[in-house]
Amino acid sequence: MEKQLSEKKRFSIVARAKSFKHAFRGIGIIFKTQHNAWVHAFVGILVVVLGFTYSINEAEWGLLVLCMAAVLTAEGFNTALEIDIDLTSPDYHPYARDTKDVAAGAVLLTVVGAVIVGLIVFLPKILN
């Protein structure tokens, strides 16, 4: 008998551990396949160094961590869409191109927002 989506499985520590294994595998795929993810990670490390150098406060840390997570998350969604489009549309199709371009544009918008937050946090400190 086929299970319904509404049927819940019993809680299982093993199943939760496996879900983390899959999630970490996905993060590995992002960094193995996306050169920009390494750029984002490098910039994130630079932001952390600057944060300690300029002794930023808790609110500023919170904003910067949120921005770094948002950029890497956007890169993850972009990667997932690219993988799916490559699978479902191996031949050129304008909609496939549009889908990839929109996903890449979303990453760019996230990066621009993160850069603006970084400038708001660090520029006054650098200029003083």
Next item on the list: Answer with yes or no whether the hydrophobic clustering places Val117 together with Val111; edges join I, L, V, M, F, W, Y residues whose side-chain heavy atoms lie under 4.5 Å apart.
Entry: no
Notebook entry, point to check: Can you tell me if Asp84 uses its side chain to pair, donor with acceptor, with the backbone of Ala80 under 3.5 Å?
Noted result: no
Note to self: If I compare all heavy atoms of Ala74 with all of Val107, which pair ends up nearest, and what's the gap?
What the structure shows: O-CG2, 3.4 Å
Check: How far apart are the closest heavy atoms of Ala37 and Ile30, and which atoms are they?
Finding: CB-CG2, 3.7 Å
Checklist line | Distance (rounded to the nearest 0.5 Å) between Asn78 CG and Thr99 OG1 | finding: 11.0 Å
Next item on the list: Could you walk me through whether Phe122 and Ile56 pass the side-chain contact (heavy atoms from CB on, under 4.5 Å) test, one step at a time?
Entry: CA-CA 9 Å; Phe122 290 116; Ile56 63 176; 3.8 Å; yes
Margin query: Restricting to non-hydrogen atoms, name the atom on Ala103 and the atom on Leu81 that form the minimum distance, rounded to 0.1 Å.
Written below: CB-CD1, 3.7 Å
Next item on the list: Taking the side chain as every heavy atom from C-beta outward, state whether Gln34 and His40 have any atom pair closer than 4.5 Å.
Entry: no
Margin query: By the salt bridge (Lys or Arg N to Asp or Glu O under 4.0 Å) test, which pairs, at least two apart or in different chains, include something from residues 10-30?
Written below: none
Next item on the list: Would you give the length of the straight line joining atom CG of Leu72 to atom CZ of Phe31, rounded to the nearest 0.5 angstrom?
Entry: 5.0 Å
Next item on the list: Please answer: with hydrophobic residues joined when any side-chain heavy atoms are less than 4.5 Å apart, are Leu63 and Val48 in the same cluster?
Entry: yes
Checklist line | Thr33 side chain to Ile29 backbone, donor-acceptor under 3.5 Å | finding: yes
Checklist line | Exercise: identify the closest heavy-atom pair between Val71 and Ala114 | finding: CG2-CB, 3.8 Å
Check: Cluster question for you: counting only ILVMFWY and a side-chain heavy-atom cut-off of under 4.5 Å, with indirect links fine, are Phe42 and Val115 together?
Finding: no
Check: For Glu60, which residues count as a salt bridge (Lys or Arg N to Asp or Glu O under 4.0 Å) partner, sequence neighbours excluded?
Finding: Lys125
Margin query: For a 4.5 angstrom cut-off between non-hydrogen side-chain atoms, does Val47 reach Trp61?
Written below: no
Item checked: Within-4.5 Å side-chain heavy-atom neighbours: Glu82 and Ile85 -> no
Note to self: Show every salt bridge (Lys or Arg N to Asp or Glu O under 4.0 Å) that has at least one partner inside residues 38-52, sequence neighbours left out.
What the structure shows: none
Next item on the list: Can you run down the side chain to side chain donor-acceptor pair (under 3.5 Å) pairs that involve residues 41-57, sequence neighbours left out, and say none if there aren't any?
Entry: none
Check: Hey, quick one: are Leu46 and Leu64 part of the same hydrophobic cluster, counting side-chain heavy atoms closer than 4.5 Å, chains of contacts allowed?
Finding: yes
Checklist line | Distance (rounded to the nearest 0.5 Å) between Asn128 CG and Ile126 CD1 | finding: 10.5 Å
Next item on the list: Assess whether atom CZ of Phe20 is packed by more than 12 heavy atoms of other residues, nucleotides or ligands within 6.0 Å.
Entry: no
Margin query: Membership question, hydrophobic clusters at under 4.5 Å side-chain separation (ILVMFWY): are Phe52 and Val121 in the same one?
Written below: yes
Margin query: Once ring-ring contact (aromatic ring centres under 6.0 Å, His included) is applied, do any residues pair with Tyr95, and if so which ones, sequence neighbours excluded?
Written below: His93
Check: Which residue pairs pass the salt bridge (Lys or Arg N to Asp or Glu O under 4.0 Å) test when at least one of the two sits in residues 105-114, sequence neighbours left out?
Finding: none
